[in-house]
Amino acid sequence: MASASGLVYHPPRCCRPRNLAPFRFSRSGFFSIEWNPARAVIRCCAVESGVEGTVLGASHSKARLPRLVGMGSKLVGCGSAVPKLLVSNDDLAQIVETSDEWISVRTGIRGRRVLSGNETLNGLAVDAAKGALDMAQVETDDVDLVIMCTSTPDDLFGGGARVQRDLGCKNAWAFDVTAACSGFVIGLITATRFIKGGGYRNILVIGADALSRYVDWTDRGTCILFGDAAGAVLVQACSGDDDGMLGFDLHSDGQGQRHLHAAAKNDETKITSNMNGTPVFSPKKSSYSCIQMNGKEVFRFAVRCVPQSIEAALEDAGLTSSSIDWLLLHQANQRIIDAVATRLQIPSDKVVSNLANYGNTSAASIPLALDEAVRGGKVKPGDTIATAGFGAGLTWGSAIIRWG
């Protein structure tokens, strides 16, 4: 098969296409495939070699619709989930030297939710995704991609595929985005690019983190900040005229990693020996340290870089701050949120914040706050939202989006 560039494509041995329909250009100028299920058969060697069809993705009974590139994106559904256990500031005062007043004045946080019992991060992610699908009235079979934004998965190898499986999205594929508090914004922008450049139609973007697993509960500087949660949105293809991703801006600077991280640490291990007892080598056994943060430097970074990023995203969208209906920032610290709003001259009644109830939930904070604002009737279809994520890496980014 010859590509448009003249290169020859050889199908991999695992997938054996038969009688594929020809490529064509539609009248709209979009590149697509004229798909005829009666003529097209793709055999997967995983099935032929004996892998049972109970494995999601081993075989697809539903034919793919033609993909149209160049489409716009819109947010049509959201959902969220939080653990049952509430840890108040007064509860923390029994563990470390602090008080409700000390915490709330400096951060704006009064409580946070923490995973307990049989709860898992994947379980929260699945519940949040179900809420987004229900609101969007989209069936699981119609989901093309699941993007799991988390830095604290239940499995070191990621959780996206597990969430896809548990949701029953058998026609989708999944991957993880690891960018901590910036993860959701990066995942959201990535989803819109898959729609615009890849012709995808329905994409679930999930932000979920359980930072309580990596908190030093004897350090009052960090244990007061973090909580666990999950939030999700359904991003759907639409016409270019209805595009809800109006503009965006992304950055990273590894120089700032020293100010906020949870690095791998090497534990002492025994020397591995052969069957005769002769020493062979001593492998490193690693685990992750608790969250380490220089609060003053992170604060300075956020109040300087986040407004600049939002202004760049607004310029990309051809808008000004006066066009914003809502400012929705990563919920890290109320003083950061207030400082950014002041810099952008956005009044407090246009700022979305639920930080007091949940603390910093990392990648979950923006979709969690968005879900509450939508279901509470605050954010309405057609509203323009300026959102920004910032944190570990250091990474930060902004997006100007239209809801609905």
Side-chain angles (χ1 to χ4, degrees), residues 72-76 78 80 108 149 179 181-193 205 207 231-233 235 238 242-252 299 301-355 360-391 394-404:
S73 308
K74 59 182 179 179
L75 279 68
V76 295
C78 57
S80 61
C149 307
C181 305
S182 305
F184 178 77
V185 169
I186 294 172
L188 177 62
I189 294 170
T190 300
T192 65
R193 300 310 94 183
V205 182
V233 297
V235 185
C238 64
D242 296 326
D243 194 358
M245 176 55 72
L246 307 179
F248 63 87
D249 178 72
L250 293 170
H251 299 273
S252 62
F299 181 87
F301 146 72
V303 298
R304 181 182 72 254
C305 294
V306 173
Q308 293 174 353
S309 179
I310 292 176
E311 288 170 346
L314 283 168
E315 183 177 356
D316 185 40
L319 300 174
T320 63
S321 60
S322 61
S323 305
I324 297 173
D325 295 307
W326 300 103
L327 177 66
L328 174 51
L329 303 181
H330 162 53
Q331 307 288 291
N333 184 302
Q334 191 61 47
R335 292 192 298 167
I336 293 176
I337 295 172
D338 293 342
V340 174
T342 300
R343 166 74 180 271
L344 296 173
Q345 298 182 333
I346 296 175
S348 59
D349 59 353
K350 289 188 175 185
V351 177
V352 177
S353 176
N354 66 351
L355 176 71
N360 181 343
T361 57
S362 192
S365 73
I366 292 174
L368 172 62
L370 175 64
D371 186 48
E372 288 196 344
V374 170
R375 294 181 188 274
K378 182 177 287 187
V379 173
K380 297 178 174 59
D383 282 357
T384 300
I385 304 170
T387 186
F390 49 92
L394 290 168
T395 59
W396 66 102
S398 303
I400 310 301
I401 57 177
R402 183 187 300 116
W403 172 254

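These numbers come from the heavy atoms of this one structure, side chains and all, not from hydrogens, waters or symmetry mates.
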Measuring from [X]:[atom1] to [Y]:[atom2], what's the distance to the nearest 0.5 Å?
X      : Y      : atom1 : atom2 : value
Leu394 : Ser252 : CG    : OG    : 9.5 Å
Cys181 : Ile366 : SG    : CD1   : 9.5 Å
Leu246 : Leu314 : CG    : CG    : 9.5 Å
Cys305 : His251 : SG    : NE2   : 8.0 Å
Lys350 : Lys378 : NZ    : NZ    : 13.0 Å

Restricting to pairs with a member in residues 306-345, which pass ring pair (Phe, Tyr, Trp, His ring centres under 6.0 Å), not counting sequence neighbours?
His330-Phe390
Just wondering, more than 12 heavy atoms not from Glu315 lying within 6.0 Å of its CD?
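Result for CD/Glu315: open.
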Qualifying residue, where the test is side-chain contact (heavy atoms from CB on, under 4.5 Å) with Val340 and the options are Asp338, Ile337, Leu344
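The side-chain contact (heavy atoms from CB on, under 4.5 Å) with Val340 is passed solely by Leu344 among Asp338, Ile337, Leu344.
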Among Ile346, Thr387, Leu327, find the one that has a side-chain contact (heavy atoms from CB on, under 4.5 Å) with Ile310.
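Exactly one option meets the side-chain contact (heavy atoms from CB on, under 4.5 Å) with Ile310, and it is Leu327.
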State, without any angle test, whether Gln331 and Ser353 hold a side-chain donor-acceptor pair at a distance under 3.5 Å.
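Yes, because at least one side-chain N or O of Gln331 sits under 3.5 Å from a partner of the opposite role on Ser353.
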Checking [X] now: which residues fulfil side chain to side chain contact (heavy atoms under 4.5 Å, CB included) with it, not counting sequence neighbours?
X      : answer
Thr320 : Ser322, Ser323
Ala313 : Asp249, Ser398, Ile400
Ala339 : Val303

Contact summary for [X] and [Y], nearest pair of heavy atoms:
X      : Y      : value
Gly187 : Cys149 : CA-SG, 3.8 Å
Lys74  : Gly404 : CB-O, 4.0 Å
Val352 : Ala373 : CG1-CB, 4.2 Å
Met245 : Leu188 : CE-CG, 4.1 Å
Val374 : Cys78  : CB-SG, 3.9 Å
Asp243 : Ser73  : OD1-N, 3.0 Å

So, using salt bridge (Lys or Arg N to Asp or Glu O under 4.0 Å) as the criterion, who are the partners of Arg375 when residues are at least two apart?
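So Arg375 forms a salt bridge (Lys or Arg N to Asp or Glu O under 4.0 Å) with Asp371.
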Is there a side chain to side chain contact (heavy atoms under 4.5 Å, CB included) between Thr384 and Trp403? Walk through the geometry before answering.
CA-CA 7 Å; Thr384 300; Trp403 172 254; over 6 Å; no
Looking at Ile186, is its backbone amide N or carbonyl O close enough to the side chain of Thr190 to form a donor-acceptor pair, meaning the two atoms are under 3.5 Å apart?
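Flag set: sc Thr190 to bb Ile186 pair under 3.5 Å.
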Verify, without hydrogens or angle tests, whether Gln334 (side chain) and Gly108 (backbone) share a donor-acceptor contact under 3.5 angstrom.
no
Run Thr395 and Ser182 through side chain to side chain donor-acceptor pair (under 3.5 Å) and show every step you take.
CA-CA 6 Å; Thr395 59; Ser182 305; 2.8 Å; yes
Side chain to side chain contact (heavy atoms under 4.5 Å, CB included) between Ile401 and Phe248: does it pass, once the steps are laid out?
CA-CA 9 Å; Ile401 57 177; Phe248 63 87; over 6 Å; no
Would you say Ile385 and Arg402 make side-chain contact, with heavy atoms under 4.5 Å?
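A side-chain contact is absent here, since even the closest heavy-atom pair is not under 4.5 Å.
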Decide yes or no for Arg335 and Phe299: does some side-chain heavy atom of the first lie under 4.5 Å from some side-chain heavy atom of the second?
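Result yes, sub-4.5 Å side-chain heavy-atom pair found.
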Over 60° means perpendicular and under 30° means parallel, so tell me whether Trp396 and Phe301 are parallel, tilted or perpendicular.
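Ring orientation, 0 to 90° scale: perpendicular.
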side-chain hydrogen bond (donor to acceptor under 3.5 Å, both in side chains) with Glu311: which residues, sequence neighbours excluded?
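Partners of Glu311 under the side-chain hydrogen bond (donor to acceptor under 3.5 Å, both in side chains) test: none.
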